[in-house]
Amino acid sequence: MRIHIAIADAASCYCAVVLLGLILLGSVIESNSSAAEPVKGSQLLDRPCDEIYVVGEGETLHTISDKCGDPFIVEQNPHIHDPDDVFPGLVIKITPSKPRKLLR
């Protein structure tokens with residue numbers, strides 16, 4: 001009986017070590033594959049129009065309005081004092097009034 005308990009304890013220990021190794025390996029592979037490159041060019045067209053939108057490089061309120069179907073961006077975002085002063089990283093609220101058009 002003691003032999004069976006010792007074998008079961010050893011097997012559970014080995015399983016725990018293997019499981020921990022798989023978890024660590026998965027996290028290392030995921031962190032290496034998620035090395036994000038900057039968004040450029042036509043990749044901006046594929047970005048989703050969520051309710052909270054972060055302005056990307058090269059975008060204007062006009063292009064965002066066309067892409068997301070929200071003609072009232074300035075009215076809904078009182079923190080935008082000058083529509084021409086939009087910069088990458090600016091957070092705006094989007095309320096689409098029509099379905100997003102596919103730009104491809």
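Everything quoted here is computed from the prediction, not taken from an experiment.
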Taking every non-hydrogen atom, the tightest pair across [X] and [Y]:
{"X": "Val86", "Y": "Glu59", "value": "CG1-O, 4.5 Å"}
{"X": "Asp70", "Y": "Ser65", "value": "O-OG, 2.8 Å"}
{"X": "Gln76", "Y": "Thr95", "value": "OE1-OG1, 3.2 Å"}
{"X": "Cys68", "Y": "Ile94", "value": "CB-CG2, 3.8 Å"}

Residue pair His79 / Leu90, side-chain heavy-atom distance below 4.5 Å: yes
Any residue meeting side-chain contact (heavy atoms from CB on, under 4.5 Å) with Asp82, in chain and number order, not counting sequence neighbours: Asp84, Asp85
Between CD1 on residue Ile73 and CD1 on residue Ile92, distance to nearest 0.5 Å: 4.5 Å
Distance in Å, Leu24 CG paired with Leu19 CG, rounded so as to fall on 0.5 Å steps: 9.5 Å
Count the heavy atoms of every other residue, nucleotide or ligand shown that sit under 6.0 Å from [atom1] of [X], and state whether that count exceeds 12.
{"X": "Glu75", "atom1": "CD", "answer": "yes"}
{"X": "His4", "atom1": "NE2", "answer": "no"}
{"X": "Ile3", "atom1": "CD1", "answer": "no"}

Hydrophobic cluster of Val18, others only, ordered by chain and residue number, side-chain cut-off 4.5 Å: Leu22
hydrophobic_cluster_shared for Ile7 and Tyr14, side chain cutoff 4.5 Å: no
